[in-house]
Amino acid sequence: MSDFDKIGSHLPDPFRLWWREKVLSTSDEVRLLAEDGMEEGLVFVAEEQVSGRGRRGAEWFSPPGESLAFSVLLRPAEPKAFWYRLSLVAGLAVAETLEKFVPLVEIKWPNDVLIGGKKIAGILVEAGKDFVVVGIGINVNTEKFPEGLAATSLCIEAGRPIAREEVLLGVVNRLAVHSARLDEGFKDVIEGIRERCYLTGNQVSLTCADQRRKGVVKGLGSGGELLLECEGGTEKIHQADEVRIIRE
Ligand code: BTN
């Protein structure tokens, strides 16, 4: 019996919950199940991840009992060219859910979720041949972070512990709404991200296809690309490894 059992029957169709005490990574588990033909909508949550992964191969810190680590299996009907939009969709779903507990949640393009400039949630979207695994890690009741990590948690920001299952249910509900907006309706996702965009108006440095770019972020384009004002004009950045705000 886990804290999560009570929300299983409240998830919107076709989402359903699996809970495990300990796995290597929820995203690896879901990928294997997807390759074996599992239907879309699986929400795989684990109390402990032994090798939770972040983007660019980083380790993901998620202390058991405090944080929320889960992965969702989707099989989008839209063409593959739209699947990258799930990163933005997931970021918005998380931000909207956290706002039920705390104000002023920001999205750092493409999909980090921050409060007061500190990371509260991370998203890892990985595509297979005919599926996408959306891995989400949220610092819910984490009180202490490793030295040097600019991170915060819902409990620190709200000043009280928050039920992780409530957060999970909220995110899945919002994901159900926004993941149906990959093509028509994507403008509503973009609008939601623009309202919370951490980078807009800031000078940033980023790496894109192994090249460093510097410029001022003017906002987001209609396809979710970052509009970067550089010396030669406005560039549309579709993907970037690391985005850093330059503070003077
Ligand atoms: C990042 O910000 O670098 C992305 C972090 C993603 C972490 C989640 S936790 C659940 C899922 N399983 C993993 O191994 N990683 C993702």
Side-chain angles (χ1 to χ4, degrees), residues 27 53-58 72 74-96 98-99 104-115 117-136 150 174-175 177-248:
S27 288
R53 292 182 286 112
R55 274 178 286 136
R56 300 184 296 279
V72 182
L74 297 173
R75 295 188 184 273
E78 292 79 4
K80 263 194 160 179
F82 289 135
W83 291 8
Y84 75 91
R85 295 182 171 182
L86 281 166
S87 286
L88 301 163
V89 156
L92 182 60
V94 171
E96 287 174 342
L98 300 188
E99 282 165 3
L104 301 176
V105 178
E106 296 160 310
I107 298 172
K108 182 180 172 204
W109 182 92
N111 56 11
D112 279 345
V113 182
L114 314 181
I115 295 185
K118 293 182 180 168
K119 186 154 163 168
I120 191 161
I123 291 153
L124 179 70
V125 174
E126 296 171 314
K129 195 166 144 263
D130 54 3
F131 64 87
V132 180
V133 180
V134 180
I136 301 180
R174 297 314 294 158
L175 203 54
V177 172
H178 293 312
S179 61
R181 294 179 167 161
L182 287 192
D183 186 356
E184 302 228 339
F186 190 61
K187 60 179 182 338
D188 295 329
V189 174
I190 291 300
E191 209 37 62
I193 295 178
R194 282 184 182 140
E195 283 167 16
R196 299 168 175 85
C197 188
Y198 175 69
L199 297 176
T200 300
N202 282 291
Q203 194 178 22
V204 302
S205 154
L206 54 83
T207 323
C208 162
D210 280 344
Q211 288 197 317
R212 267 231 163 262
R213 294 268 202 296
K214 256 190 191 179
V216 175
V217 175
K218 302 311 279 181
L220 291 184
S222 58
E225 68 280 12
L226 197 70
L227 303 176
L228 190 68
E229 193 175 76
C230 306
E231 277 179 8
T234 302
E235 287 189 29
K236 291 183 176 178
I237 309 287
H238 293 273
Q239 266 187 347
D241 282 339
E242 197 211 334
V243 188
R244 221 165 24 85
I245 290 187
I246 303 171
R247 310 230 182 250
E248 278 160 0

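Position 1 is the first residue of the sequence; numbering continues from there.
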If you measure from [atom1] on [X] to [atom2] on [Y], what distance do you get to the nearest 0.5 Å?
{"X": "Arg244", "Y": "Thr207", "atom1": "CZ", "atom2": "OG1", "answer": "8.5 Å"}
{"X": "Leu226", "Y": "Arg213", "atom1": "CG", "atom2": "CZ", "answer": "11.5 Å"}
{"X": "Arg174", "Y": "Ser179", "atom1": "CZ", "atom2": "OG", "answer": "11.0 Å"}
{"X": "Asp241", "Y": "Leu206", "atom1": "CG", "atom2": "CG", "answer": "9.5 Å"}
{"X": "Ile107", "Y": "Ile123", "atom1": "CD1", "atom2": "CD1", "answer": "8.0 Å"}
{"X": "Ile120", "Y": "Ile115", "atom1": "CD1", "atom2": "CD1", "answer": "3.5 Å"}

Which heavy-atom pair separates [X] from [Y] by the least distance, and what is that distance?
{"X": "Gly128", "Y": "Trp83", "answer": "O-CZ3, 3.8 Å"}
{"X": "Glu106", "Y": "Gly117", "answer": "OE1-N, 3.7 Å"}
{"X": "Ala240", "Y": "Trp109", "answer": "CB-CZ3, 3.8 Å"}
{"X": "Val125", "Y": "Ser87", "answer": "CG2-OG, 3.6 Å"}
{"X": "Lys218", "Y": "Thr200", "answer": "O-CG2, 4.0 Å"}
{"X": "Pro76", "Y": "Leu86", "answer": "CG-CD1, 4.0 Å"}

- Query: Can you name the one residue among Val217, Val216, Thr234 that meets side-chain contact (heavy atoms from CB on, under 4.5 Å) with Leu228?
  - Reply: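 Exactly one candidate clears the test, Val217.
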
Decide if atom [atom1] of [X] counts as having more than 12 heavy atoms of other residues, nucleotides or ligands within a radius under 6.0 Å.
{"X": "Gln239", "atom1": "CD", "value": "no"}
{"X": "Leu104", "atom1": "CG", "value": "no"}
{"X": "Lys119", "atom1": "NZ", "value": "yes"}

Check: [Y] and [X] side chains under 4.5 Å, non-hydrogen atoms:
{"X": "Ser222", "Y": "Lys187", "value": "no"}
{"X": "Leu175", "Y": "Val89", "value": "yes"}
{"X": "His178", "Y": "Asp188", "value": "no"}
{"X": "Arg196", "Y": "Val113", "value": "no"}

- Task: Report yes or no: does Lys80 contribute a side-chain atom to a donor-acceptor pair with the main-chain N or O of Lys129 at less than 3.5 Å?
- Result: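 It does hold such a pair.
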
- Test item: Lys108 side-chain N/O and Val243 main-chain N/O as donor-acceptor pair under 3.5 Å: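 Side chain of Lys108 to backbone of Val243, a donor-acceptor pair under 3.5 Å: yes, one is there.
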
- Item | salt_bridge(Glu78, Arg85) N-O dist < 4.0 Å |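 Between Arg85 and Glu78 there is no salt bridge, as every charged N stays at least 4.0 Å from the carboxylate O atoms.
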
- Task: Assess whether side chain to side chain contact (heavy atoms under 4.5 Å, CB included) is satisfied between Val132 and Glu126, documenting all intermediate values.
- Result: CA-CA 6 Å; Val132 180; Glu126 296 171 314; over 6 Å; no

